[in-house]
Amino acid sequence: MLRLRIPLTLLSLALYIAGLCASLAGTTASTTLPTLVLGGLIGLAQLAWYRQRLGLSLTLVVAVLAALLIGVAGETLPQGWLSLATFDPPAPLDTGHPRLSWQWPGLADSLLLACLALSLALRTRASLGTPLLHAIAVLLWGTLAYQVTSPEALPPLTPPAGPWALAGSGLLLLTQFLAVVTGWRHNQASLLRALGPGLLIATATVLLWCQQDSEANRQLFERAQRETDRLSATMTDRIDDTLRAMHRFHLVWEIDQRLPSASMWRHEAQSFMNDFPELPLLALIDPSGRVEHLYPDDNWHQAYPGMRLLDGALDQPLMEVLQQSFHQRDAVSSDILSLPDGGWGIIHFLPIHTVDGDRLLGSVAMVFSLDALASNLLPALADIPDAMTLTLKDGDSTLWRVPTSAANSPWRLVSDVRLLSHTLSLELSPNRRLLEHLKLHYPSSTLCTGLIMALLLYLLLFSRHRQRQQHRQIADTNLELRREMRRRSRLQKNIEWLAGHDDLTGLANRRTFLASLPTNAGQNPLSLLLCDLDHFKRINDQQGHQAGDQALKRFAACAQKLLPQGGVLARYGGEEFVVYLPQGDIAWVHAWAEHLRREVQACGVQHEDGSPMTVCIGLITQTDGPVVPRDLLHRADMALYRAKRLGRNRVEIAEAKPAAEPSEATEPSGLLHS
């Protein structure tokens, strides 16, 4: 997949270039120049990143994000704070035919491009929200694709990106996802935990924005339709007011039973036309068809006074209308015709008869200028030039348009206008800038706020889950460390125990025994018993070392069972054992030794010939004076030797000896070498 990054990016750039060429050629009308340019810059930044040109890539990304920030701020902030019209070029961008629109991308397009740029800058950093940015980009891309493939009856104010730009952005998104998805595996648990709620909020936000934006557009469309109906009604009322005033104007001459003089005509016509400036010309025609009076009688109209209209001065259809006005009392109107000044208008004839209706005095011709009528009705918006275009149509024919250039408008609103005997259609095309100025910004604020909240929620859940994982890892590490410390402590105790005990019998060894004697040296009387199993070598030789080991264990068990509190039993070496008994007179100690001898003899261990195992015990008891361990062991050993010499299986008491001299008594270090 990584090998496809550069080819896919180049393909997306080709799509943006193809979209630009299609717009220049006029085959695509909805895509605006900034959408294509910004998308192409993101593609270049992505290509530079893959080529390890990180400085160039970040520069392009920052430039794109700055431009998109202006567009998003213009969509969400009040018009008084920031207007996108400020950044429009001073003149329309002409690229031939048709004209390519210089217009900021819509909010969905801007946010889609912003997600692509931000995810490119953040790369694989799931902790900074890259997965949710990709998910939001997919939602926005799907929304734009739906608008392109299934346009609604009411188009949005800002057209969505065309198919070329949509395909390019989709390919960029796919390339980014394939390049970074492998870097999210080690954060998969935290990512899934945070992505679900964030994506849910983002989806709800996009759906809510679509509904709110559609409702805001509908309300704005209805407002524009009401304005169109109001203008058409105003135009119809203006025409009706003009006709009623004209009837009052010519009614004066019918009452006088004569036509006005030149001065009277000029005075009345001037007053009348000051109130109705959409009438460029008034004429009084006598029954013979000659122009009697004219207003205004300026240089442009010097040729008309005295002209006989029925002698071929008028076109045949207009001359027929004039003759018709002479033969009936009702007013007659011409068809819509081209006026001498190049505009369109209607000539309305009002015949003047005597009161009894027997005699025709003449006819008043009134010229309606449609251009002047529209110019007086079009509302003036000084802050938005050419805010709307009004077009009056007679069927498919355009009679006039104010202003002459069509507005950049997504909507065409139509209402009927009754003009004398004609029914025309008034088409209003509000400028997109006017619509954006009037449109409520709460849908855009909802979308931006919801997506930001989704991103913040994702970051919060992701970081919290990562912290909990880290705390759990630390806790597991601490638990394992405590387990290891306890295991090492037990091992240390075992080592210490093995260092001070005999592993066969479990008794203290010679080192531990010798170390305990100085501690109990002041407890008089003090007795020491040195025990040696009789003929132990014979058991090993005849029955094996396992039998010898069992014999040692059996003796240790018998001695341990009889050992009083405070006594110490140790294996001194080989088949020799030593017993230390404090606080006991010699008679009691001798009785205890005899008891031990009998217990060993009756313990059930036998030699090969069936004789029981016996023991020799050498006993020494010291009642006073300092304790010299070496001397006690020596005297006990001498008593043990005597017991062996006298026939074994007996207890011998060592002779009492005076206390040792001070120099000898203070020589404990020799004990370790005895």
Arg488 CZ: over 12 foreign heavy atoms closer than 6.0 Å = no
task = For the residue pair His134 and Phe177, categorise the inter-ring angle as parallel (less than 30°), tilted (30 to 60°) or perpendicular (more than 60°).
result = perpendicular
Any Leu528 side-chain heavy atom under 4.5 Å of Leu633 side chain = yes
ask   = Asn649 and Arg597: side-chain donor and acceptor closer than 3.5 Å?
value = yes
key: Candidate pair Ser611 and Gln606, rule side-chain hydrogen bond (donor to acceptor under 3.5 Å, both in side chains), full reasoning   = CA-CA 5 Å; Ser611 61; Gln606 297 179 349; over 6 Å; no
Chi angles and distances behind the side chain to side chain contact (heavy atoms under 4.5 Å, CB included) call for Leu116, Ser169 = CA-CA 8 Å; Leu116 293 176; Ser169 60; 4.0 Å; yes
ask   = Is there a donor-acceptor pair closer than 3.5 Å between any side-chain N or O of Ser12 and the backbone N or O of Gly168?
value = no
message = Tell me whether Asp631 is salt-bridged to Arg635, with the criterion being a basic N under 4.0 Å from an acidic carboxylate O.
response = yes
message = I'd like to check Leu11 versus Leu171 (side-chain heavy atoms, cut-off strictly below 4.5 Å). Are they in contact?
response = yes
task = May I ask you to check whether Asp502 and Thr505 show a side-chain donor-acceptor distance below 3.5 Å?
result = yes
task = Start with the C-alpha distance between Thr614 and Asp534, add both sets of side-chain angles, then the distance that settles side-chain hydrogen bond (donor to acceptor under 3.5 Å, both in side chains), and finish with yes or no.
result = CA-CA 6 Å; Thr614 59; Asp534 296 330; 2.5 Å; yes
inquiry  = Within the structure provided, determine whether Cys210 and Thr143 are in side-chain contact (heavy-atom separation under 4.5 Å).
reply    = yes
query = Shortest non-hydrogen contact from Pro612 to His607?
reply = O-CD2, 3.7 Å
inquiry  = Can you confirm whether the side chains of Arg598 and Gln601 place a donor and an acceptor under 3.5 Å from each other?
reply    = no
ask   = Do Asp541 and Lys537 meet the salt-bridge criterion of a basic N to acidic O distance under 4.0 Å?
value = yes
message = Looking at Arg642, I'd like to know if its CZ atom is crowded, meaning that more than 12 non-hydrogen atoms belonging to other residues, nucleotides or ligands lie closer than 6.0 Å.
response = yes
request  = Before accepting this row, confirm whether a basic side-chain N of the pair Glu496/Lys493 lies closer than 4.0 Å to the acidic partner's carboxylate O.
outcome  = no
Charged N-O contact under 4.0 Å between Glu652 and Lys644 = no
query = In terms of ring plane angle, is the pair Phe555 and Phe577 parallel, tilted or perpendicular, where the classes change at 30° and 60°?
reply = tilted
request  = Please report the shortest heavy-atom distance between Asn509 and Leu498, naming the atom on each side.
outcome  = ND2-O, 4.4 Å
